[in-house]
Asks: 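The structure that follows is given in the form of C-alpha cells.
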Amino acid sequence: MLRFLVFTTLVLYGHSTQDFPETNARVVGGTEARRNSWPSQISLQYLSGGRWYHTCGGTLIKQNWVMTAAHCVDRAMTFRVVAGEHNLNQNDGTEQPVSVQKIVVHPSWNSNNVAAGYDIALLRLAQKVTLNSYVQLGVLPPEGTVLANNSPCYITGWGRTKSKAPARAPSTSWVLTNGQLAQSLQQAYLPTVDYATCSSTSYWGSTVKKTMVCAGGDGVRSGCQGDSGGPLHCSVNGKYTVHGVTSFVSSLGCNVSRKPTVFTRVSAYISWMNKVIASN
C-alpha cells in the first residue's frame, strides 16, 4: 500500500488512496499524449494480490536505470518498471516490463519533511531494456543548470485529472479505488516559475528550495496523484531535456493558483546519480 501524505501546505503525490468520486483521472488540465511521444517515460508499478498496479512515473536514464521520486519507493514493496507503455489497461506489444533489482534512495531524503528536498531515487533494473522508437533514454541537463522563468515545459503521467482537496486529517494509508488513474498517458504544458517568484510569500515561500523546480501555477494545469516521480520535459535549444522529477503540490488541491507543481531539480543531483550508477 503506497502512501499519500498530507501536510499543512503540501502533498506528496504517488498512488493516492482515498475513495474519491472522480473517475476519468489523469494530469489535471492536460490532454492525451500522442502514443509513445515521450519514450523515456516509464510506469512504476507495485505487486498486490497477484496483480500489478501503477503508482508513479519515472524516467529511463540508462538501459537498466530509472530515475524517480524517493517518496515513491521508500517502503518495502515489490516493484517493476514498464517501458514503452501508453495505455495501462491494454497490451499494445510495445511494453517492456522489467523487475526492479535495487532501489537507491538519496541518503538525505526524509519522508517526514519533503520540503527539505532530496526527493529522488534511482532504480537498477534486473535487465536492460531494448531501445527502439517506443523506448528511449531521457536526456538530462548539465550539472547546475537552472532554467529561466517561463521556460516551456511539459509534465507527463497517468495521474488524476481532477483535483479534490484531500482530507484535513493526515493519512498515510489511503487506498486508491478502481478507475482513478488515466488509462492513457497524459501531458500538460507547465512553464517554469523561477525561484525568486516561487519562493515569494504569495507563492510557496520558504517551502521551496533552490534544489527544486516550480512549474505551472495557473490554477488550471498541474500534476496530481499518480504523476509522482515522472519527468518534467523542458525544451532547450529545440531539444527536450528532463529537468524535473515530480515531487509535490499543495494540500489545498493539485491545481491551485500560485501554488505551482514542485519538482526535484535534476541538475542538482547529476554528480550523485553518476556516483550511484558507477558503483552499482
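Predicted model, so just to flag it, every value in this text is computed and none were measured.
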Asks: Could you pull out the closest heavy-atom pair between L190 and I155, with the gap in Å?
Replies: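 Closest heavy-atom pair between L190 and I155: CD1-CG2, 3.5 Å.
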Asks: Under the 3.5 angstrom rule, does the side chain of Q186 hit a backbone N or O of S184 as a donor-acceptor pair?
Replies: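 Present.
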Asks: Identify the two heavy atoms, one from C214 and one from V262, that lie closest to each other, and give their separation to 0.1 Å.
Replies: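 Of all heavy-atom pairs spanning C214 and V262, the closest is SG-CG2, 4.4 Å.
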Asks: Which atoms form the tightest heavy-atom contact between T145 and H243, and what is the distance?
Replies: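 Taking every non-hydrogen atom into account, CG2-CE1, 3.7 Å.
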Asks: Would I270 and I61 show up in the same hydrophobic cluster when neighbours are defined by side-chain heavy atoms closer than 4.5 Å?
Replies: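 In one cluster: yes.
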Asks: For the residue pair W38 and Q187, confirm or rule out a side-chain donor-acceptor distance under 3.5 Å.
Replies: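 Note: W38 and Q187 side chains meet the donor-acceptor criterion.
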Asks: OH of Y134: more than 12 outside heavy atoms within 6.0 angstrom?
Replies: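 Result for OH/Y134: open.
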Asks: Report the C-alpha separation of F79 and W52 in whole Å, then their side-chain angles, then the decisive distance to 0.1 Å, and conclude whether the ring pair (Phe, Tyr, Trp, His ring centres under 6.0 Å) test is met.
Replies: CA-CA 9 Å; F79 292 104; W52 292 99; 8.7 Å; no
Asks: Which disulfide (SG to SG under 2.5 Å) pairs, counting each pair once, include a residue from residues 100-157, with sequence neighbours left out?
Replies: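 Sorted pair list: C153-C234.
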Asks: Would E85 and L185 satisfy side-chain contact (heavy atoms from CB on, under 4.5 Å), going step by step from the backbone distance to the final call?
Replies: CA-CA 8 Å; E85 183 67 276; L185 185 67; over 6 Å; no
Asks: Say whether, by atom type as modelled, one donor and one acceptor occur between the side chain of S267 and the main chain of E143 under 3.5 angstrom.
Replies: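 No; judged by distance alone, with no hydrogens or angles, the pair does not exist.
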Asks: Do you know which of V73, T68, I277 makes side-chain contact (heavy atoms from CB on, under 4.5 Å) with L122?
Replies: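 Result: among V73, T68, I277, I277 is the only option passing the side-chain contact (heavy atoms from CB on, under 4.5 Å) with L122.
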Asks: May I ask you to decide if A115's main-chain N or O and K209's side chain share a donor-acceptor pair within less than 3.5 Å?
Replies: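 It does hold such a pair.
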Asks: Can you hop from Y154 to L147 via hydrophobic side chains spaced under 4.5 Å?
Replies: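 Result: no, two separate clusters.
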Asks: Quick one, H86 with E32, criterion side chain to side chain donor-acceptor pair (under 3.5 Å). Give me CA distance, side-chain angles, the key distance, then yes/no.
Replies: CA-CA 10 Å; H86 181 73; E32 182 174 345; 3.0 Å; yes
Asks: Counting only N and O atoms by type, is there a donor-acceptor contact under 3.5 Å from the side chain of Q96 to the main-chain atoms of T130?
Replies: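 Checking the backbone N and O of T130 against the side chain of Q96, a donor-acceptor pair under 3.5 Å is found.
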Asks: Backbone N or O of Y118 within a donor-acceptor pair of the Y269 side chain at under 3.5 Å?
Replies: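 Judged by distance alone, yes, a pair lies under 3.5 Å.
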Asks: Backbone N or O of A215 within a donor-acceptor pair of the T192 side chain at under 3.5 Å?
Replies: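 Judged by distance alone, no pair lies under 3.5 Å.
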Asks: Would you say that V245 contacts V266 through its side chain, given a criterion of any heavy-atom pair below 4.5 Å between the two side chains?
Replies: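 Yes; the side chains approach each other to less than 4.5 Å.
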Asks: Could you tell me whether R258 and D218 have a side-chain N and a carboxylate O separated by less than 4.0 Å?
Replies: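 No salt bridge links R258 with D218.
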Asks: Does the side chain to side chain donor-acceptor pair (under 3.5 Å) test come out yes or no for N274 and S271, once each step is laid out?
Replies: CA-CA 5 Å; N274 287 338; S271 292; 5.6 Å; no
Asks: If Ile, Leu, Val, Met, Phe, Trp and Tyr residues are connected whenever their side-chain heavy atoms lie under 4.5 Å apart, and connections chain through other members, are V100 and M77 in the same group?
Replies: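 Looking at the clustering, M77 is in the same group as V100.
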Asks: Is the centre of the Y46 ring less than 6.0 Å from the centre of the Y53 ring?
Replies: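 When the ring centroids of Y46 and Y53 are compared, they turn out to be within the sub-6.0 Å range.
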Asks: Using modelled atom types only, decide if a donor and an acceptor are shared between the side chain of R265 and the backbone of K210 within a distance under 3.5 Å.
Replies: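 Yes, the answer is positive, given that a donor and an acceptor are paired below the 3.5 Å cut-off.
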Asks: Check for a donor-acceptor pair, side chain of T94 on one end and backbone N or O of G84 on the other, with a separation under 3.5 Å.
Replies: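 Yes; at least one donor-acceptor contact below 3.5 Å.
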Asks: With a 4.5 Å limit on heavy-atom distance, are the side chains of S43 and L88 in contact?
Replies: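 Answer yes - side chains close enough.
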Asks: Considering residues at least two apart in sequence or located in another chain, which fulfil the ring pair (Phe, Tyr, Trp, His ring centres under 6.0 Å) criterion with W272?
Replies: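 Ring pair (Phe, Tyr, Trp, His ring centres under 6.0 Å) list for W272, sorted by chain: H106.
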Asks: Mind checking whether W158 and Q41 have side chains closer than 4.5 Å, heavy atoms only?
Replies: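 Result yes, sub-4.5 Å side-chain heavy-atom pair found.
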Asks: Treating D119 as the side-chain partner and H71 as the backbone partner, does any N or O pair qualify as donor plus acceptor under 3.5 Å?
Replies: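 Yes, the answer is positive, given that a donor and an acceptor are paired below the 3.5 Å cut-off.
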Asks: S279 side chain to K275 main-chain N or O, any donor-acceptor pair under 3.5 Å?
Replies: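 Judged by distance alone, yes, a pair lies under 3.5 Å.
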Asks: How close do V193 and P260 get, heavy atom to heavy atom, and via which atoms?
Replies: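 In terms of heavy atoms, the two residues are closest at CG2-CG, 4.0 Å.
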